[in-house]
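The sequence lines fix the lettering, A, B, ..., with proteins before strands; numbering per chain opens at 1. Please read these numbers as outputs of a predicted model, since none were measured by experiment. Reckoned from all heavy atoms, side chains included, excluding hydrogens, waters and symmetry mates.
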There are 2 protein chains.
Amino acid sequence: MILKSQVEWALHCCAILSGLPEGRYLSTKALAELHGLPKEYLSKALQSLSQAGLVLTTLGPSGGYRLAKAPSELTFLEIVEAVEGSGRTFVCNNIRANNPCRPQGYCESGPCAIARIMWEADEAWRAKLRSVTLADLGEILAQDIPADIWNGTFEWVLKRAG
Amino acid sequence: MILKSQVEWALHCCAILSGLPEGRYLSTKALAELHGLPKEYLSKALQSLSQAGLVLTTLGPSGGYRLAKAPSELTFLEIVEAVEGSGRTFVCNNIRANNPCRPQGYCESGPCAIARIMWEADEAWRAKLRSVTLADLGEILAQDIPADIWNGTFEWVLKRAG
DNA sequence: CGAAATAAGGATAACACATATCCTTAATCT
DNA sequence: AGATTAAGGATATGTGTTATCCTTATTTCG
Ligand code: SF4
Ligand code: SF4
């Protein structure tokens, strides 16, 4: 059970976009080049973010993407679910219904304990991702990344932002 | 990102095995029939449990599986990881290494903030599954399931247990 | 001892999904 | 008008899950 690589791509792109000045846009081409990713396929991930309403777009030269909200209002969970979907990791195929011992026509009432416990684990995963915003990420990255690389990347981005 | 259906199968089988009297074994055939599952494929899930040391086996007629530990010592996490593997859901492809702005030969020190946050979410999921044992499940099931079905299934199992 | 039953595991096919590329369309900017 | 861009349809390609079949070694029982 592995997340799509598009999740990693989307998180990285959002991290870059969160450093973009108000009103500027960054194109798929620039984001793909910065991360060394196939432009056409990365485009699908960005389209997912767009459909989820997390980013705004403009067309034409100087077009591209920018965040639709403040970084402090954008959680990891929103980004992950935009790309990966919001379904549960444990799907119940109701195999208890095949039990030959149960009376004919007996109908189970709701999910059993196994499913409920697995879903609680899913919810713990979601809760953690919901608790971290892009602003939180930015603070940690600013401490982790050497200043010269951080500034160099920022310059590189601004030179290409429309 | 969806767990294998074998995870559901393994959990159901362990729930049944936890009700088995000391020293008795239940065969793949019986477990497959009870849950309405393909015997040969369910066998692969049981083999995973066996390889992980969670169940013990014997060969020959009256052979089959029983738990290797007390239900109170067997956690959901062990069962899930036996079947699904213990890898992380977020795999880092180190795409930051493709950043054209970083100096030549610059070597990142360890995983970045994005990966660490995603892995913390994984750990929250694991922590929840680690906190629930088969004994806990048994208590909840005993309350959820009508007594006649519970007893009928138990009889059915004992009739087939070696 | 011989026959039946069982776990273990190798080989292989069918299927679903992730990954990747290509192309068209409509909108926007210069 | 021409260049650039997001959006999205169509279509391969690869990978992992699901499923079946068959062989082997071991155990039980008549
Ligand atoms: S997990 Fe629970 S609800 Fe799902 S099939 Fe098993 S018994 Fe039914
Ligand atoms: S998640 Fe972090 S460690 Fe992984 S590729 Fe992205 S920057 Fe690198």
Inset, instruction - Classify the nucleic acid contact of A:Thr28 as base, sugar-phosphate or nothing, counting any heavy atom under 4.0 Å across all strands shown. - result: sugar-phosphate

Inset, instruction - Let me have a per-nucleotide readout for nucleotides 21-30 of chain C, 5' to 3', with B, S or -, counting only protein heavy atoms under 4.0 Å. - result: BBB---BBB-

Inset, instruction - Find the distance A:Gln6:CD to D:dT15:P and express it as a whole number of Å. - result: 17 Å

Legend entry - N/O (side chain, B:Gln51) to phosphate O (OP1/OP2, C:dA8) under 4.0 Å: no

Legend entry - Whole-Å gap separating C1' (D:dA6) and CZ (A:Arg66): 15 Å

Inset, instruction - Taking the side chain as every heavy atom from C-beta outward, state whether A:Tyr65 and A:Cys13 have any pair of such atoms under 4.5 Å apart. - result: no

Inset, instruction - Round to the nearest Å and state the distance from B:Leu37 atom CG to D:dA19 atom P. - result: 9 Å

Inset, instruction - Taking only the side-chain nitrogens and oxygens of A:Ser5, find out if one of them lies under 4.0 Å from OP1 or OP2 of C:dT19. - result: yes

Legend entry - 5' priority, DNA chain D, between A:Met1 and A:Lys29 [closest heavy atom]: A:Lys29

Inset, instruction - Would you check if the side chain of B:Glu73 reaches a backbone N or O of B:Ala70 as a donor-acceptor pair within less than 3.5 Å? - result: no

Inset, instruction - Report yes if a side-chain nitrogen or oxygen of B:Thr57 is closer than 4.0 Å to either non-bridging phosphate oxygen (OP1 or OP2) of C:dA7; otherwise report no. - result: no

Inset, instruction - Find the distance A:Glu33:CD to D:dT4:P and express it as a whole number of Å. - result: 14 Å

Legend entry - Atom-pair distance (CG on B:Asn93; P on C:dA20), nearest Å: 9 Å

Legend entry - Interatomic distance, A:Leu56 CG vs D:dT5 C1' [rounded to whole Å]: 16 Å

Inset, instruction - For the residue pair A:Asn99 and B:Thr153, confirm or rule out a side-chain donor-acceptor distance under 3.5 Å. - result: yes

Legend entry - Length of the CH2-P vector between B:Trp9 and D:dT17, whole Å: 13 Å

Legend entry - Partner residues of A:Ser43 under the side chain to side chain donor-acceptor pair (under 3.5 Å) criterion, sequence neighbours left out: A:Gln47

Inset, instruction - Could you state the atom-to-atom distance from CD of B:Gln47 to P of D:dA19 in whole Å? - result: 16 Å

Legend entry - Under 4.0 angstrom between B:Tyr25 side-chain N/O and C:dA5 OP1 or OP2: no

Legend entry - Main-chain N/O of A:Ala30 paired to A:Arg160 side chain as donor or acceptor, under 3.5 Å: no

Inset, instruction - Taking the side chain as every heavy atom from C-beta outward, state whether A:Asp136 and B:Ile117 have any pair of such atoms under 4.5 Å apart. - result: no

Legend entry - salt bridge (Lys or Arg N to Asp or Glu O under 4.0 Å) against B:Glu123, all qualifying residues, sequence neighbours excluded: B:Arg130

Inset, instruction - Please work out if B:Gly162 contacts a base, only the sugar-phosphate, or nothing of the nucleic acid, heavy-atom cut-off 4.0 Å. - result: nothing

